[in-house]
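Scroll down for the structure; my scribbles are underneath it.
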Amino acid sequence: MFSFFKKKPKPEVAPLPESSAPTELAQIERVDTAAESAADVTPDTATPVAAGAVAVEAESEVAAEIVPAPVAAEQKRSWLSRLKTGLSKTSSNLSILFVGAKIDDDLYEELESALLVSDAGVEATHFLLNALKKKVKEDKLTEATQVKAALRSLLIDLLSPLQKPLVLDQHQPLVMMIAGVNGAGKTTTIGKLAKHLQAHKQSVLLAAGDTFRAAAREQLTIWGERNNVTVISQESGDPAAVAFDAVHSAQARGTNVVMVDTAGRLPTQLHLMDELKKIKRVIGKGMATAPHEILLVIDGNTGQNALAQVKAFDDALGLTGLVITKLDGTAKGGVLAAIATTRAIPVYFIGVGEQIEDLQPFDAAEFVDALLS
Ligand SMILES: Nc1nc2c(ncn2[C@@H]2O[C@H](COP(=O)(O)OP(=O)(O)O)[C@@H](O)[C@H]2O)c(=O)[nH]1
Ligand SMILES: [Mg+2]
């Protein structure tokens, strides 16, 4: 597996050796965070959770496999082809534009409609078109392939601010809260991320915070059992209490990462948005610095409505990152450009399929190359 997360040691706690990072794997060397862990533990001040009410479903430390370089390279190739295939519905309109094309108004018009159809939004589309026309003029470009290359670099510049790795080993435990509308892919994303984290020697604990639907709790529990990941759940009740308990369990066990699943909700359901705020607040009572990451999972098919979701969830919670799923089933992958133009919250991961390997970190250049290939 190629580099998935960035591990950021606190220098005063345990500096990484200078020489480590020649390969992508070396970036994710473990750092001893024992000292930090002690510092992070705060007194239990929130609503106590009855011990008996909590079901601990499974537990284990899964040893990470060390992936040799050729295998990592092979997996990288495999991801790039998955990305390309996954994005094909979005890319099909864009990539053909430049084949044997003349640089004229027709080309710009076709590019404009292709970008709009991909849900890049009016703002990003006009920005890109104007910048492209300027570049064509200034650099005196005469070939369609040159225009394509210019568009490539403009798109990469536009999307690069969204590219940011998830940082591990900065907190013990790292507490992540996952939110989004129904069916966006929250629970599946948590499952996939847990597997990837395990492969990077991180122990994981999950909180089944979707207490609305029994099926949601079961989905996470079954997943946890299958993969030897502890799942904290309650028969019924308060998602904030489940999250709080998960944080405490992780502190007691020395678990590296806690992921808190939540029930799907629409930004217009204000009482449910308030419930999310409460979950966040109560997590903070369990661990003063937590939650460290608040991710919004967005279905790539959502198109322009994704912007409203980002705004509403960010206003309510202060998002630290996004995960965009289902880019494989959609022609609307341009929405990342719209996000970059309006509220550039980092896109930690993108999903282009249902397999575990189909969720990977967002890389602007990879993404643009897949779009234009
Ligand atoms: N094709 C595809 N399906 C996905 C992707 N991510 C999630 N799904 C599917 O979307 C459906 C809803 O996912 P789920 O995690 O239950 O959504 P939640 O309600 O947000 O927790 C499931 O059938 C997932 O397999 C993706 O990247 N591509
Ligand atoms: Mg779910």
Side-chain angles (χ1 to χ4, degrees), residues 4 57 78-91 119 176-196 204 206-224 226-227 229 231-234 236 239 242-243 246 258-267 269 272-273 275-276 279 294-303 305-306 309-310 312-313 317 319 321-333 335-336 347-363 366-367 370-371:
F4 205 74
E57 306 291 348
S78 151
W79 161 245
L80 293 179
S81 83
R82 281 163 182 276
L83 180 66
K84 203 172 142 183
T85 314
L87 288 176
S88 58
K89 285 194 182 163
T90 301
S91 68
D119 259 317
M176 297 167 61
M177 187 176 159
I178 288 85
V181 305
N182 265 321
K186 295 178 293 299
T187 309
T188 335
T189 294
I190 289 171
K192 289 175 181 171
L193 279 181
K195 274 280 228 193
H196 285 297
V204 178
L206 306 180
D210 184 351
T211 54
F212 278 95
R213 297 181 304 138
R217 197 174 58 239
E218 271 157 34
Q219 185 187 0
L220 204 64
T221 302
I222 291 167
W223 191 93
R226 211 187 292 137
N227 293 281
V229 173
V231 178
I232 303 288
S233 71
Q234 286 181 21
S236 63
V242 177
V258 178
M259 284 189 276
V260 180
D261 195 10
T262 60
R265 68 203 73 214
L266 291 171
Q269 295 172 303
L272 295 181
M273 295 304 281
E275 183 193 70
L276 274 185
I279 297 173
I294 304 177
L295 306 189
L296 176 67
V297 178
I298 300 170
D299 180 334
N301 295 286
T302 312
N305 187 250
Q309 288 180 20
V310 171
F313 280 91
L317 296 171
L319 298 173
L322 307 176
V323 178
I324 319 249
T325 63
K326 307 190 201 180
L327 285 168
D328 50 312
T330 181
K332 298 177 176 177
V335 72
L336 273 90
V347 175
Y348 282 140
F349 303 99
I350 55 172
V352 294
E354 304 212 53
Q355 306 300 313
I356 295 221
E357 309 77 51
D358 293 331
L359 186 81
Q360 295 286 346
F362 170 68
D363 179 298
E366 278 177 17
F367 188 84
L371 271 189

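Whatever order the structure lists them in is the order used to number ligands and atoms, beginning at 1.
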Shortest non-hydrogen contact from His196 toward Leu359
NE2-O, 3.4 Å
Considering non-hydrogen atoms only, spot the tightest contact between Gly191 and Trp223 and give its length.
O-CZ2, 2.6 Å
Sequence neighbours left out, what passes side chain to side chain donor-acceptor pair (under 3.5 Å) with Asp358? Give chain and number order.
Arg82
Would [X] count as a contact of ligand 1 if the rule is a heavy atom under 4.0 Å away?
X: Val352; result: yes
X: Gly183; result: yes
X: Ala184; result: yes
X: Gly353; result: yes
X: Asp328; result: yes

Ligand 1 and Glu354, any nitrogen or oxygen pair closer than 3.5 angstrom?
yes
Decide whether an N or O pair under 3.5 Å exists between Thr188 and ligand 1.
yes
Below 4.0 angstrom from a heavy atom of Thr187, which ligand 1 atoms are there? Numbered from 1 as shown, please.
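Answer for ligand 1: 15 (O), 21 (O).
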Keeping to distances under 2.8 Å, can you name the protein N/O/S atoms close to the Mg ion (ligand 2)?
Thr187 OG1
Atom 8 (N) of ligand 1: which protein heavy atom is closest, and how many Å away?
Lys326 CE, 3.8 Å
